[in-house]
Engineer: 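Below you'll find the structure I mean.
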Amino acid sequence: MSTYRDLTHRGSARGTVLRTVGTRERRSHLTAPRVPTVGIDIGGTKVMAGVVDADGNILEKLRTETPDKSKSPKVVEDTIVELVLDLADRHDVHAVGIGAAGWVDADRARVLFAPHLAWRNEPLRDSLQSRLAVPVMVDNDANTAAWAEWRFGAGRGEDHLVMITLGTGIGGAILEDGQVKRGKYGVAGEFGHMQVVPGGHRCPCGNRGCWEQYSSGNALVREARELAAADSPVAYEIIERVKGNIPDITGPLITELAREGDAMSIELLQDIGQWLGVGIANLAAALDPSCFVIGGGVSAADDLLIGPARDAFRRHLTGRGYRPEARITRAQLGPEAGMVGAADLARLVARRFRRANRRRVERYERYERYAQALRSGTAGRTARTPEDPTS
C-alpha cells in the first residue's frame, strides 16, 4: 500500500494524502454513503468548517477569519487544510465540500473568480486533493446553501426550487428534480445582476440598474446613510443610535430599529422587499419554480421584508390570477446552510472514492497473491498475470 499512500504531518494535525481519487458525482443523495463529511464555507470575512452527518446535523464546527485578499491563494488553501486536519483528528472524515463565494466552473474544479479573494481561475479542487486523504468537491456557496435547504430545510419536498441569498449583494441557485442547475459554464444563478432599472444605480459589476442595487444589504444601508447624511427628520432615530457617526449604520441595526417600530427603518425594509418581489416575479416568469427560499443575512428581517416581497410578487407576476403562485418562504438553516450543503454534496462523491480505493486494495491483494504464487513455484498453475481475468 505504500506505493500510493504517504503520511504527512502539519504540527499536531495528521492527514493522509492519496495520490489519486475519484471525482465523479453520484447523482442521487439516496445512494450516498451515510458517512461524516466536512463542509467549508468561504466568504469575504470568515472561513467556517464543520463535520456534518448524513442527516444534516453539525457534529463540530470551527471558524476563523478569512486571510486578507491581498495574500496568495495558497494562504487561504493552507487555512482550509488546517481546519480539515484539525477536525480529522477527532472525526472519521470521508469527503470535503467547499462552498466558495465566487464563480466555479462546470466541473466544480476551479474557482474562476472570487470577488473577495485573490482567486482567478484557481484549481482549488486539485490543490486540496493533493494534500488531503479524501475527495474534494468545490461549488458556489449559493448552490451549496440551496442544496442544504432542499435536503434539510425550508425546501424539503419541493421538486423545483429557487434560492435567493440576500447579503451584501444577491446570489442564487436553481434546483430541479434533485439537481443543482449550474449552467453550461457553471455560473448560473447570478440573479443579482439582472438589470431591473435601465440607467439606474451603478453596480460594482460595471453595469447600471442591477437588481442587487435595489434589494440587498448594500442597498438597504446606502438608503439609510443617504437619509442620515441629509439630516432628514425621518432619520432622527438612527442618527441618535449611532451618535451621528453615519458609517456605523449597518443592516442589522436597521432591522433592529424596524423591530422596535422605527418608521424609517420599516419603510426601508418595505422598499427592499418590494424590489425583491419584482425580481422574484421576473424569475417566476423565466423558471416557474414551485418555491422561492430567501436566505442570507438580510432575510433576518423576516416578515418585515418577506411580507412586502410577497405582495409585490403577486402584483407583478405574469398571468396573475390565472396560474399557480410559487411559495415564498424564509430559509431555515441560517448561516450554516452553505457549510451543511457543501458537506452533503461532498458525500455524493464519497462513494466513487470508496469504490476506487477498494479497487486499488483488491489489485494490490491480487498482486500479493500472484507474487506469493511465484515464490512458491505455483504461479504457472494458478495465474498468468495479476490482471488476467482468467486467473
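The chain is numbered in sequence order, starting from 1.
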Engineer: Could you tell me whether a side-chain N or O of Gln129 sits under 3.5 Å from a main-chain N or O of Val136, the two making a donor and an acceptor?
Structural biologist: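 Here the side-chain-to-backbone pair exists.
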Engineer: Measuring only between side-chain heavy atoms, which start at C-beta, is Lys61 closer than 4.5 Å to Met339?
Structural biologist: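 A side-chain contact exists here, since the closest heavy-atom pair is under 4.5 Å.
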Engineer: What distance do Leu166 atom CG and Ile294 atom CD1 have between them, rounded to the nearest 0.5 Å?
Structural biologist: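 If I round to the nearest 0.5 Å, the distance is 6.0 Å.
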Engineer: Between Ser299 and Arg330, what is the shortest heavy-atom contact and its length?
Structural biologist: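 Looks like O-NE, 3.1 Å.
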Engineer: Indicate yes or no: does Asp248 engage Arg225 in a salt bridge with an N to O separation below 4.0 Å.
Structural biologist: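 Salt bridge between Asp248 and Arg225, a charged N being under 4.0 Å from a carboxylate O: no.
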Engineer: What pair of heavy atoms forms the shortest contact from Val104 to Ala109, and how long is it?
Structural biologist: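 Smallest heavy-atom distance, with atoms named: CG1-N, 4.5 Å.
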Engineer: Just verifying a value: how many Å separate Arg222 CZ and Leu268 CG, rounded to the nearest 0.5 Å?
Structural biologist: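 Arg222 CZ to Leu268 CG: 10.5 Å, rounded to 0.5 Å.
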Engineer: The criterion is ring pair (Phe, Tyr, Trp, His ring centres under 6.0 Å); which residues satisfy it with Phe191, sequence neighbours excluded?
Structural biologist: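 Once residues adjacent in sequence are excluded, Phe191 has no partner under the ring pair (Phe, Tyr, Trp, His ring centres under 6.0 Å) criterion.
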Engineer: Search all heavy atoms of Gly192 against all heavy atoms of Cys210 and return the closest pair with its distance.
Structural biologist: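 Between these two residues, the closest heavy atoms are O-CB, 3.4 Å.
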Engineer: In a check of salt bridge (charged side-chain N to carboxylate O under 4.0 Å, His left out) between Asp139 and each of Arg110, Arg125, Arg182, which one passes?
Structural biologist: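 Answer to the salt bridge (charged side-chain N to carboxylate O under 4.0 Å, His left out) test with Asp139 among Arg110, Arg125, Arg182: Arg182.
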Engineer: Walk me through whether Arg310 and Asp303 qualify under salt bridge (Lys or Arg N to Asp or Glu O under 4.0 Å).
Structural biologist: CA-CA 9 Å; Arg310 290 190 182 111; Asp303 277 346; 3.7 Å; yes
Engineer: Give the C-alpha distance, both sets of side-chain angles, the deciding distance and a yes or no for side-chain contact (heavy atoms from CB on, under 4.5 Å) between Glu212 and His193.
Structural biologist: CA-CA 7 Å; Glu212 68 176 40; His193 298 288; 3.7 Å; yes
Engineer: Go through Ile42 and Asp141 one step at a time and tell me if the side-chain contact (heavy atoms from CB on, under 4.5 Å) criterion holds.
Structural biologist: CA-CA 8 Å; Ile42 306 171; Asp141 58 348; over 6 Å; no
Engineer: Is there a side-chain contact between Pro36 and His94 (heavy atoms, below 4.5 Å)?
Structural biologist: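 In short, these two side chains touch, coming nearer than 4.5 Å.
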Engineer: Between Ile249 and Ala228, what is the shortest heavy-atom contact and its length?
Structural biologist: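 What the structure gives for the nearest pair is CD1-CB, 3.7 Å.
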Engineer: Any side-chain heavy-atom pair from Val96 and Leu128 closer than 4.5 angstrom?
Structural biologist: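 Val96 does not reach Leu128 side chain to side chain.
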Engineer: Going hydrophobic residue to hydrophobic residue with side-chain gaps under 4.5 angstrom, can you get from Leu305 over to Val196?
Structural biologist: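 They do share one cluster, since a chain of ILVMFWY contacts under 4.5 Å joins Leu305 to Val196.
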Engineer: How many angstroms lie between atom CZ of Arg347 and atom CG of Leu345, to the nearest 0.5 angstrom?
Structural biologist: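 With rounding to 0.5 Å, CZ (Arg347) is 9.5 Å from CG (Leu345).
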Engineer: Taking all atoms of both residues into account, what is the closest heavy-atom pair of Gly155 and Leu161, and its distance?
Structural biologist: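 So the two residues come closest at CA-CD1, 3.4 Å.
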Engineer: For residues Val162 and Val293, determine if any side-chain heavy atom of one lies less than 4.5 Å from a side-chain heavy atom of the other.
Structural biologist: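 A side-chain contact is absent here, since even the closest heavy-atom pair is not under 4.5 Å.
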Engineer: Is any side-chain N of the basic residue among Glu65 and Lys46 closer than 4.0 Å to the acidic one's carboxylate O?
Structural biologist: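 No, this pair does not count.
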Engineer: Taking the side chain as every heavy atom from C-beta outward, state whether Val51 and Ile58 have any pair of such atoms under 4.5 Å apart.
Structural biologist: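 In short, these two side chains do not touch, never coming nearer than 4.5 Å.
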Engineer: Does one hydrophobic cluster hold both Phe113 and Leu124, with members joined at side-chain heavy-atom distances below 4.5 Å?
Structural biologist: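 Not linked; separate clusters.
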Engineer: Are Leu287 and Trp150 grouped together when hydrophobic residues (ILVMFWY) are joined by side-chain heavy atoms under 4.5 angstrom apart?
Structural biologist: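 Leu287 does not cluster with Trp150.
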Engineer: The criterion is side chain to side chain donor-acceptor pair (under 3.5 Å); which residues satisfy it with Arg320, sequence neighbours excluded?
Structural biologist: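 Checked Arg320 against side chain to side chain donor-acceptor pair (under 3.5 Å); zero matches.
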Engineer: Distance-only, no hydrogens or angles: does the Thr79 side chain make a donor-acceptor pair with backbone N or O of Val75 under 3.5 Å?
Structural biologist: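 It does hold such a pair.
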Engineer: Salt bridge or not for Arg131 and Asp78, using N-O below 4.0 Å?
Structural biologist: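 Result for this pair is yes, salt bridge flagged.
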Engineer: Quick test of your reading of the model: are Asp311 and Arg315 salt-bridged, counting only N-O distances below 4.0 Å?
Structural biologist: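 Salt bridge absent between Asp311 and Arg315.
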Engineer: Holding to ring pair (Phe, Tyr, Trp, His ring centres under 6.0 Å), I want the full list of residues that pass it with His201, two or more places apart in sequence or in another chain.
Structural biologist: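 Partners of His201 under the ring pair (Phe, Tyr, Trp, His ring centres under 6.0 Å) test: Tyr214.
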Engineer: Tell me whether Val52 is reachable from Ile40 by hopping between hydrophobic residues (I, L, V, M, F, W, Y) whose side-chain heavy atoms are closer than 4.5 Å.
Structural biologist: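 They do not share one cluster, since no chain of ILVMFWY contacts under 4.5 Å joins Ile40 to Val52.
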Engineer: For Leu59 and His91, which heavy atoms make the closest approach, and how far apart are they?
Structural biologist: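 Reported closest heavy-atom pair: CB-CE1, 4.1 Å.
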Engineer: Strictly distance-based, threshold 3.5 Å: is any side-chain N or O of Arg323 a donor or acceptor partner for the main-chain N or O of Thr318?
Structural biologist: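 Checked: pair present.
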Engineer: Taking CD in Glu267 as the centre, count heavy atoms belonging to other residues, nucleotides or ligands within less than 6.0 Å. Is the count above 12?
Structural biologist: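 For Glu267, atom CD is not crowded (no more than 12 foreign heavy atoms under 6.0 Å).
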Engineer: Is there a path of hydrophobic side-chain contacts, each under 4.5 Å between heavy atoms of I/L/V/M/F/W/Y residues, joining Ile328 to Leu269?
Structural biologist: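 Both belong to a single hydrophobic cluster.
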Engineer: Can a side-chain donor-acceptor contact be found between Asn140 and Trp103 if the only test is distance below 3.5 angstrom?
Structural biologist: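 Their side chains do not contain a donor-acceptor pair, so the 3.5 Å distance test is not met.
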Engineer: Keeping the roles fixed (side chain from Asp53, backbone from Asp55), state whether a donor-acceptor pair exists under 3.5 Å.
Structural biologist: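 A pair under 3.5 Å: yes.
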Engineer: If you measure from the Lys or Arg side-chain nitrogens to the Asp or Glu carboxylate oxygens, is any gap between Glu158 and Arg327 under 4.0 Å?
Structural biologist: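 Yes, this pair counts.
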Engineer: Please check if the side chain of Arg208 supplies one atom and the backbone of Gly200 the other of a donor-acceptor pair under 3.5 Å.
Structural biologist: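 Looks like yes, one N/O pair under 3.5 Å.
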Engineer: Can you list the steps and then say if Arg241 with Asp262 is a side-chain contact (heavy atoms from CB on, under 4.5 Å)?
Structural biologist: CA-CA 11 Å; Arg241 185 66 64 94; Asp262 176 55; over 6 Å; no
Engineer: Set out, in order, the CA-CA distance, both residues' side-chain angles and the distance that settles side-chain contact (heavy atoms from CB on, under 4.5 Å) for Ile266 and Gln270, then state yes or no.
Structural biologist: CA-CA 6 Å; Ile266 292 172; Gln270 286 175 339; 3.9 Å; yes
Engineer: Quick check against the 3.5 Å criterion: does Thr168 have a side-chain atom that pairs as donor or acceptor with the backbone of Asn218?
Structural biologist: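 No.
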Engineer: Does the side chain of Ile98 come within less than 4.5 Å of Met137's, by heavy atoms?
Structural biologist: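 No - every pair of side-chain heavy atoms lies 4.5 Å or more apart.
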Engineer: Supply the atom-to-atom distance Ile238 CD1 to Ser232 OG, rounded to the nearest 0.5 angstrom.
Structural biologist: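 These two atoms lie 11.5 Å from each other.
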Engineer: Should we count CZ of Arg120 as having more than 12 external heavy atoms under 6.0 Å?
Structural biologist: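 Yes, the 6.0 Å shell around CZ holds more than 12 heavy atoms from other groups.
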Engineer: Below 4.5 Å, heavy atoms only, C-beta onward: do Glu176 and Asp159 meet side chain to side chain?
Structural biologist: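 Counting from C-beta outward, Glu176 and Asp159 never come under 4.5 Å.
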Engineer: Is there a donor-acceptor contact under 3.5 Å from the side chain of Ser216 to the main chain of Ile170?
Structural biologist: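 No, because the side chain of Ser216 does not come within donor-acceptor range (under 3.5 Å) of the backbone of Ile170.
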Engineer: Can you tell me how far apart CD1 (Ile254) and CG (Leu220) are? Round to the nearest 0.5 Å.
Structural biologist: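 Atom-to-atom, Ile254:CD1 and Leu220:CG are 4.0 Å apart.
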Engineer: Between Thr165 and Met163, is there a side-chain heavy-atom distance shorter than 4.5 Å?
Structural biologist: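 In short, these two side chains touch, coming nearer than 4.5 Å.
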Engineer: Is there a donor-acceptor pair closer than 3.5 Å between any side-chain N or O of Glu190 and the backbone N or O of Gly172?
Structural biologist: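 Side chain of Glu190 to backbone of Gly172: no pair is present.
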Engineer: Hey, what do you get for CG (Leu227) to CD1 (Ile246), rounding to the nearest 0.5 Å?
Structural biologist: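 Nearest 0.5 Å value for the CG-CD1 distance: 10.0 Å.
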Engineer: Indicate yes or no for a side-chain donor-acceptor contact from Arg202 to the backbone of Gly206 under 3.5 Å, with no hydrogens or angles considered.
Structural biologist: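 Side chain of Arg202 to backbone of Gly206: a pair is present.
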Engineer: Do any N or O atoms from the side chain of Arg314 and from the backbone of Gly321 form a donor-acceptor pair under 3.5 angstrom?
Structural biologist: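 Absent.
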